[in-house]
Structure formats: C-alpha cells, structure tokens
Trainee: 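Quick one: structure below, then a few questions.
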Amino acid sequence: MFAKIYDTEIKIDYNNSNDFNRYPGDIMAEYNQSMEEGLDIEKYKDLFQSIAVLEKGEIKKRLSDIIFEIVINADIRSDYKYNEPNDLNSIKEARKAYEIQGAVPEKEELRKKLHGAWAGRVCGCLLGKTVEGIRTDEFIPFLKETGNYPMHRYILSTDITKEIKDKYKFFFYNRAYADKVDGMPVDDDTNYVVLYQKIVDEFGRAFESDDVATAWLKYQSVHSYFTAERTAYINFINCIQPPASAMYKNVCREWIGAQIRGDYFGYICPGNPEEAAEMAFNDARISHVKNGIYGEMFVSAMIACAAITDNIEDIIKGGLAQIPASSRLYEAVMKIYDDYKNGVSVEDCHNYIHSQYDEHTDHGWCHTISNAMIVVAGLLYGEGDFGKSICTAVGMAFDTDCNGATVGSILGMRGGIDCIDEYWTKPINNKIHTSIFGIDTVNIQEAVEKTLEHIEG
C-alpha cells in the first residue's frame with residue numbers, strides 16, 4: 001500500500017516485521033494447523049504452496065488474507081474423528097472423570113509444597129534455557145561430548161570450549177549458564193507465573209479473559225510475548241478481543257504458549273483441579289484454541305492434583321480428566337502413558353515423539369502436543385526424582401525451557417522444597433528476574449507467601 005501525505009511517501013516494510021505480521025510468512029504452518037484441526041481445506045493445498053513461496057510484500061499479504069477467509073469459513077471434514085470444542089461447557093461435557101483421593105495439606109506443609117513448585121519451575125526452566133532452540137542432532141552429541149549424557153546436571157560455561165563453539169551450529173555464546181547467573185534470568189516462562197500472581201492480586205480469583213488481556217498490555221511490552229501471544233497482543237491493540245483474539249490470523253493457535261502460562265492457577269487451587277482448569281481456560285482462550293487451550297488446562301490441573309497426591313499416574317490422569325477425552329492431546333498423552341506401562345524404554349519413547357512431530361519445523365517444535373508428550377514422559381520416566389525428571393524432559397529437546405519448567409513445577413508441588421537438592425536451587429539464589437513493568441526482581445519466598453494469601457481468599 002502506498003500513499004502521499006504532505007509530500008511524504010508511506011510504505012509498509014514487509015521485510016522488517018519482527019513477527020508483527022506473521023501470517024503471510026507462515027502460510028504452510030497455517031495449512032498444517034488447519035489440516036490437523038480437521039478443516040476441509042486440502043483442495044486448496046496448491047494455493048497455499050504457491051503463496052508460501054512468494055516474496056514478502058503487498059501481493060503476498062493480500063493473498064494471505066484470502067487464505068485466512070478460506071480457513072475461517074472452512075467446515076470440519078466428515079471423516080474427522082476428534083471432537084475438540086472451544087467453549088467451557090462443551091469441554092466439560094467431553095471429559096472422562098477420574099477421581100483422586102487426598103486432602104489439602106495443613107498450612108506449613110502447603111507452604112513447603114508451594115515453595116517447591118515455585119523453585120522447581122525456575123530450576124527446570126534454567127536447565128532448559130541454556131539450550132533453548134537446540135535440535136537433537138546436535139544436542140545429544142554435545143551432551144555426550146561434555147559428559148552429561150543421559151543428562152543429569154546443568155550445562156555450565158566451562159562445558160563450552162572454543163572447540164565446542166566452532167564445532168556446533170547452535171549458538172552457545174551469551175547463554176544463561178548456571179555457574180554464571182545471579183538468580184533466574186528474565187524468561188517468558190517465569191514471567192508468566194509472576195504476572196499471573198499480579199493478575200489474581202489485582203482482579204481476584206474470578207478474573208475474566210478481558211482482565212488478562214488488559215494486564216498483558218499494561219504490564220509488559222510486545223517484545224515479552226512470542227508466537228501466539230504476540231499475535232494476540234497485536235490483536236488486542238487492534239481492538240480484537242477474546243476469544244476472537246486467539247483466532248484472527250494466528251497460525252500459532254495450538255502452540256505451547258498457553259501451556260506454559262497456567263502454573264499459578266494450579267498453585268492457588270490445591271486439590272481442586274477443576275477450578276484450576278477453569279482459570280486456565282479463561283486465560284488460554286485469549287490466544288489459543290482447542291488443544292492450545294487444553295494444554296494449559298491439563299498442566300494447571302496436574303499441579304492442583306500434585307498438591308494432594310504423590311502418585312504420578314494419578315497426577316497425569318487427574319489432569320487429563322479436565323480436558324476432552326475426544327481430543328488429540330488426550331490421545332497423545334495416553335499413548336505415552338500406555339507405552340510406559342507396557343515397558344517401552346525412554347529411548348524408544350524419545351524416538352516415538354520425534355517421529356510424530358518434526359523438531360526442525362516451528363510448528364512441530366513449538367506445538368502443544370509434542371511438548372505435552374515430553375512433559376508426561378519426564379514425569380513417568382523420572383520416577384518421582386526431581387533431577388531425573390527435569391533432565392529427562394529437557395534431554396528430549398523440543399522446547400527445552402518450557403518443558404523443564406513445567407515438569408519442575410509439578411514435581412516441586414508434589415514433593416515440596418525438600419525434594420529439590422540444593423544443587424538445583426543454588427544458582428537461582430531465591431530470585432526471579434522479570435521484564436514485568438514495576439516488578440523487576442521477585443523474591444521466591446515472598447511470592448510463596450502471596451500465593452498462600454490467594455489460596456485463603
């Protein structure tokens with residue numbers, strides 16, 4: 001689009017979008033996403049492919065608008081076997097019940113569990129943050145070369161020799177190494193748990209989706225959000241409100257972004273996975289649909305369950321009980337669970353996940369389902385041991401910091417702070433650095449006390 005105003009030409013620079021106009025550049029991700037959702041769009045595949053190879057520019061943008069119209073108006077294929085609703089009542093109707101026995105601990109024990117959950121999330125995140133973005137074909141050789149395979153410890157700056165830097169394509173410079181940090185460095189995974197404590201503090205436990213959207217704009221810049229969240233943020237600015245903000249030109253609508261946001265709802269709903277999942281729904285729907293929503297509900301519910309039971313299988317099935325049993329996510333998680341029960345090795349589990357999702361594509365690497373499978377594998381094959389669990393999850397690659405954080409949060413809630421060896425907590429020094437306006441750095445123990453206040457009402 002070109003115009004002349006006061007003798008100044010206005011020109012849109014499509015080559016410097018900074019992910020602010022993602023849709024035209026991710027047309028094939030849209031095709032894959034739509035096919036996975038069961039949309040009847042296969043007859044347009046040649047059109048998708050033709051637009052995908054065009055240079056960035058106004059023509060590609062206009063044609064991508066046509067693609068969006070096709071997708072948003074598409075019907076579900078008649079042979080599609082999944083039922084994946086977006087509204088809460090329909091989600092509840094599609095659940096499969098699973099009862100868990102257990103009582104909410106007394107205040108002092110609960111305080112330890114919450115401390116474990118906060119610290120566990122941070123430790124798991126730090127473990128994975130160092131290598132966020134690495135792919136398995138380099139990750140496994142690197143771990144073997146540095147004496148850390150199977151993964152069992154943090155990656156340290158001393159592991160990264162000049163030879164390592166020169167040998168691998170992965171960029172090892174300026175990473176968050178556990179022997180060099182002073183507290184948890186700024187990260188979107190840990191930002192969210194702090195931000196959502198702020199949201200509950202400001203809007204109460206009965207917050208609504210619009211409240212979350214308001215808080216996003218108020219407390220962080222657009223650069224603190226990625227993939228589906230950045231798209232939703234831009235949609236808010238353009239007056240597109242939830243739930244449409246999750247759907248408008250959002251190719252990332254089933255990616256992992258919501259799954260990493262729901263921990264705090266599990267923290268403040270100990271023993272009540274349904275309430276935790278409902279809070280997670282109110283959050284997830286601003287940026288995600290279907291399995292993107294279910295991922296956050298699943299994780300929030302698992303954390304709520306972990307407050308009242310030590311049984312890993314109960315925690316997983318208690319989380320699954322809050323999402324549609326007719327969904328792709330439910331099916332994928334149960335596949336990992338059933339394989340584990342049938343004696344499938346962790347190596348074969350790793351290979352299966354990588355056969356289902358391609359880590360070399362953004363869509364595969366960042367999808368909710370691929371990463372939820374890894375979270376569940378970490379929980380099962382970690383056998384209740386905190387360090388082994390987060391290392392198993394991170395060692396499977398994909399979104400390493402997200403999965404390490406989620407597994408650490410669940411195991412930390414399950415076992416309390418005493419289940420986390422000082423080796424893991426020492427680098428974080430009881431601090432979380434954030435990019436949240438007006439907060440900067442959070443003291444973990446103070447955050448735990450505020451969490452107790454939110455539980456008590």
Side-chain angles (χ1 to χ4, degrees), residues 102 104-105 107-129 153-154 178 183-184 187 189-190 192-194 196-197 259-271 273 276 298-312 314-316 318-319 374-376 378-394 400-432 442-452 454-455:
V104 178
K107 186 172 183 178
E108 189 53 42
E109 182 64 23
L110 185 57
R111 177 182 281 112
K112 290 181 180 179
K113 283 181 169 287
L114 293 171
H115 191 182
W118 275 90
R121 179 165 184 76
V122 174
C123 294
C125 187
L126 179 59
L127 178 69
K129 184 176 179 66
R153 61 170 175 83
Y154 284 121
M184 178 64 205
D187 188 273
D189 294 78
T190 47
Y192 282 124
V193 70
V194 174
Y196 283 44
Q197 182 170 78
Q259 187 162 280
I260 70 174
R261 301 197 322 244
D263 292 52
Y264 195 69
F265 309 133
Y267 296 175
I268 63 174
C269 298
F298 175 49
V299 168
S300 299
M302 280 197 290
I303 293 171
C305 292
I308 62 169
T309 181
D310 291 340
N311 188 297
I312 298 293
D314 281 349
I315 291 169
I316 293 168
I374 288 173
V375 166
V376 171
L379 294 173
L380 291 170
Y381 290 96
E383 299 177 319
D385 179 89
F386 178 84
K388 184 178 180 180
S389 298
I390 61 173
C391 285
T392 298
V394 171
T400 51
D401 63 329
C402 294
N403 297 332
T406 298
V407 171
S409 192
I410 295 167
L411 265 292
M413 176 66 90
R414 172 184 176 269
I417 190 63
D418 293 337
C419 82
I420 306 175
D421 191 271
E422 185 184 5
Y423 169 80
W424 298 109
T425 58
K426 187 174 181 180
I428 65 176
N429 197 23
N430 202 40
K431 294 185 293 187
I432 304 173
V442 171
N443 177 288
I444 291 177
Q445 288 178 311
E446 291 177 3
V448 168
E449 295 306 313
K450 175 61 71 174
T451 308
L452 281 168
H454 288 163
I455 291 172

Trainee: Which heavy atom in Gln197 sits nearest to a heavy atom in Thr451, and how many Å separate them?
Mentor: NE2-OG1, 3.1 Å

Trainee: Of the non-hydrogen atoms in Pro427 and Ala178, which two are nearest, and what is the gap between them?
Mentor: CB-O, 3.4 Å

Trainee: Please report the shortest heavy-atom distance between Ala304 and Cys269, naming the atom on each side.
Mentor: CB-O, 3.2 Å

Trainee: Any sub-3.5 Å donor-acceptor pair from Ser389's side-chain atoms to Leu379's backbone N or O?
Mentor: no

Trainee: First locate atom CG of Asp314, then atom OG1 of Thr309, and finally report the distance between them rounded to the nearest 0.5 Å.
Mentor: 4.5 Å

Trainee: Return the CG to CD1 distance between Asp189 and Ile432, rounded to the nearest 0.5 Å.
Mentor: 11.5 Å

Trainee: Do Asp421 side-chain atoms and Trp424 backbone N/O form a donor-acceptor pair below 3.5 Å?
Mentor: no

Trainee: Quick one: does Asp187's side chain get under 4.5 Å of Leu126's, heavy atoms only?
Mentor: no

Trainee: Looking only at atom types and distance, does a side-chain atom of Asn429 sit under 3.5 Å from a main-chain N or O of Lys431, one as donor and one as acceptor?
Mentor: no

Trainee: Does the plane of the ring in Tyr264 sit parallel, tilted or perpendicular to the ring in His454? Use 30° and 60° as the thresholds.
Mentor: perpendicular

Trainee: Nearest 0.5 Å, what's the CD1-CZ distance between Ile428 and Arg121?
Mentor: 12.5 Å

Trainee: Just wondering, do Leu114 and Ile455 contact through their side chains at under 4.5 Å, heavy atoms?
Mentor: yes

Trainee: So with a 6.0 Å cut-off around NZ of Lys112, is the heavy-atom count from everything else above 12?
Mentor: no

Trainee: Where do Arg153 and Cys391 come nearest, in terms of heavy atoms and distance?
Mentor: N-SG, 3.9 Å

Trainee: Please examine the side chains of Thr190 and Trp118, heavy atoms only from C-beta on, and report whether any two atoms are closer than 4.5 Å.
Mentor: no

Trainee: Show me the donor-acceptor pairs within less than 3.5 Å that the side chains of residues 400-420 make with the rest of the protein, sequence neighbours left out.
Mentor:
unit_1	atom_1	unit_2	atom_2	d
Thr400	OG1	Gly128	O	2.8
Asn403	ND2	Asn371	OD1	2.9
Asn403	ND2	Asp399	O	3.3
Thr406	OG1	Cys402	O	3.1
Ser409	OG	Asp263	OD2	2.7
Ser409	OG	Tyr267	OH	2.7
Arg414	NE	Asp310	O	2.6
Arg414	NH1	Gly384	O	3.3
Arg414	NH2	Asp310	O	3.1

Trainee: Taking side chain to side chain donor-acceptor pair (under 3.5 Å) as the definition, give me every residue that meets it alongside Glu449, ordered by chain and number, with sequence neighbours left out.
Mentor: Arg111

Trainee: Minimum heavy-atom separation for Thr392 to Gly378, with atom names?
Mentor: CG2-CA, 4.0 Å

Trainee: Looking only at non-hydrogen atoms, find the nearest pair between Val122 and Met184 and report the distance.
Mentor: CG1-CB, 3.3 Å

Trainee: With sequence neighbours left out, write down each residue that passes ring pair (Phe, Tyr, Trp, His ring centres under 6.0 Å) with Phe298, or none if nothing qualifies.
Mentor: none

